[in-house]
There are 2 protein chains.
Amino acid sequence: MAAQRREPRKTRRVEAEAPRPRESVRARVHALLRARITSLELLPGAPLSENELAAELDVSRTPVREALILLGEESLVDVFPKLGTFVSRISVDAVLEAQFMREALELAALREAVTKSGAPDIAALRAILDAQRDALKAGDADGFFEQDEAFHRRLMEASGHRTLWRTVATAKAHLDRARRLSLPLPHRIETLVDEHTAVVDALERRDAARAEDALRGHLQGVFDDIGTIRASHPELFADPHEQPGSAPARPRVHPGLRA
Amino acid sequence: MAAQRREPRKTRRVEAEAPRPRESVRARVHALLRARITSLELLPGAPLSENELAAELDVSRTPVREALILLGEESLVDVFPKLGTFVSRISVDAVLEAQFMREALELAALREAVTKSGAPDIAALRAILDAQRDALKAGDADGFFEQDEAFHRRLMEASGHRTLWRTVATAKAHLDRARRLSLPLPHRIETLVDEHTAVVDALERRDAARAEDALRGHLQGVFDDIGTIRASHPELFADPHEQPGSAPARPRVHPGLRA
DNA sequence: CCGTCCGCACTTACATACAAGCCTTGTATG
DNA sequence: CATACAAGGCTTGTATGTAAGTGCGGACGG
């Protein structure tokens, strides 16, 4: 495909189409690509061309490029100068670090939530659990993950920390990519909701120790699944024994998966 | 000052001046501005114009803009569309969150370091402490802070987590801006080195509980100082009762401090 | 004197043009 | 046939041009 054979964009937009330009183009592109990556719609290793994306989304390269830079900061893409940008492969190190970070932050927040949370928090959490069970029954994988995200996010809010979720979400993105691959295991998923429920139960009884144990076990279990996945999808993972200081697995040729 | 009265940049660079263009211009600008902000060379509230910075650094607006976007992600600058970009004021909420995050991550890492660290780690840490004491005697504030950063970074490496420092450093930046203001208190500073030493001592003895207590106390003490500072420099702090959801303290007029 | 309105000077957001590096592939040569 | 080489097409990096929003300040009317 030749680049940019599309007709030049009109500099003056028709006003019928832009009711809410409140959110910047960059933010929209960033959110879109992030969703595509974490949902595995874009597989690890897939190339992301600034030109192609700009053409597809009908915007200029500038906001696309800025979005890719931000995704690079989150390690969701790897940018190789003058070579190309690719969805990052799942790095064992990155997953380990993400798991560690998530565990440390969520457990610390939970300790505070035990004393700070109130009835509205518990009610909101239980509502999310109900929705998650519904999604499970309906076989709605996307909805299930949405509610999972909502649960952990709401749990952190219950601790009074409102801005910390961004950091946890960044770490969680790496774990989620791996978890998505384990979806075909339905028995595992049912367990997850039960584990969530145990956390809320302990939280409601203000039982700090039990809440902590429940959440820790839950997070550890999620992490353990990833090892199982790796065996069946090795091409999605980065070289396991890579030195972090050295060049980060530059692809010899444009790594496959194109189209 | 009128914008861009500088002569047009030569598109072809003289090659005598660029021996190592390995690091992108964006990365250099980002690092430079970050250093200026965390060192308080650029005070909270100070305006950062893409045009002015591009002219001063003799680069185009593009890498400057990209660097500012990254700093915005770290909450070190606030970008108000079509209005201006300003060094972020020290937000009490942000400092609280940074403190919480740092404490959670560093303590969790320390727990692992107690079992994983070895003699080389201890030796490296003690060397850093010596350097820190030297900087203290010499009255070298910048050097002191450098060694402080090195200490905490090395401590995290001793736990085996190599990539986690980036996250901690982002949080630490907000705390450091406040701490810089407390430098005139020399008695406090001497305490800091002693606290660091206590952590290493306990770590060497593999005394997890004592190491944890020492580090927790140290981090808490650092945090307590910030409250003291706030009284004497209120203009550097954001509105204390600001709703995080609402507009983030948009400046009525370009906030002063301009040259 | 005071309020209102309008334009100007500044900003960032987005679009486009140009530069430079890497890989592939076709081609010529041994 | 194998290999060296060079050109071309792709990529991202940087530079610059254009659009559009915001607040300030002066002109103007009351």
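- Rounded to whole angstrom, the span from the CZ atom of B/F80 across to the P atom of C/dT12 amounts to 12 Å.
- Remark: DNA chain C takes part in the stems C:1-30 with D:1-30, each of 3 or more antiparallel Watson-Crick or G-U pairs, criterion distances under 3.5 Å.
- The base of C/dA13 lies outside donor-acceptor range of the side chain of A/S24, with no N or O pair under 3.5 Å.
- Following rounding to the nearest Å, B/L53 (CG) and D/dA15 (C1') show an atom-to-atom distance of 16 Å.
- Partners of B/H30 under the ring pair (Phe, Tyr, Trp, His ring centres under 6.0 Å) rule, at least two apart in sequence or in another chain, do not exist in this structure.
- Comparing C/dT12, D/dT14, C/dC22 by their nearest atom to the side chain of A/L83 picks out C/dC22.
- Here B/H174 pairs with nothing under the ring pair (Phe, Tyr, Trp, His ring centres under 6.0 Å) rule; sequence neighbours left out.
- Residues that satisfy the side-chain hydrogen bond (donor to acceptor under 3.5 Å, both in side chains) test with B/R153, not counting sequence neighbours, are absent from this structure.
- Residue contacts for A/L48: at a heavy-atom cut-off of 4.0 Å it reaches the sugar-phosphate backbone alone, with no base atom in range.
- In this structure, the CZ atom of A/R28 is 8 Å from the P atom of C/dC14, given to the nearest Å.
- One can place CG of A/L71 at 16 Å from C1' of D/dT12, the figure rounded to the nearest angstrom.
- Residue A/S49 places none of its side-chain N or O atoms closer than 4.0 Å to OP1 or OP2 of D/dC10.
- Nearest nucleotide to the side chain of B/S60, out of D/dT22, D/dA15, D/dG13: D/dA15.
- The side chain to side chain contact (heavy atoms under 4.5 Å, CB included) search around B/A124 returns B/R154, not counting sequence neighbours.
- Here the side chain of A/V59 is nearest to one of C/dC14, D/dT14, C/dA15, namely C/dA15.
- In the set C/dT16, D/dT11, C/dA13, D/dT11 carries the atom at the smallest distance from any side-chain atom of A/E52.
- Nearest-nucleotide mapping onto DNA chain C: of A/T62 and B/P81, the residue sitting toward the 5' end is B/P81.
- Rounding to whole angstrom units, CZ of residue A/R61 and P of C/dT16 are separated by 12 Å.
- With B/E97 contributing its side chain and A/L164 its backbone, the two residues share a donor-acceptor pair below 3.5 Å.
- What separates CZ of B/R65 from P of D/dT16 is a distance of 16 Å, to the nearest Å.
- Legend: residues meeting side-chain hydrogen bond (donor to acceptor under 3.5 Å, both in side chains) with B/E73, ordered by chain and number and at least two apart, are A/R166.
- Nucleotide D/dG13 holds its P atom 12 Å from the CD atom of A/E66, rounded to whole Å.
- In this entry the distance linking CG of B/L57 with C1' of D/dA15 reads 15 Å, nearest Å.
- In summary, the side chains of A/S88 and A/R177 do present a donor paired with an acceptor at a separation below 3.5 Å, with no hydrogens or angles considered.
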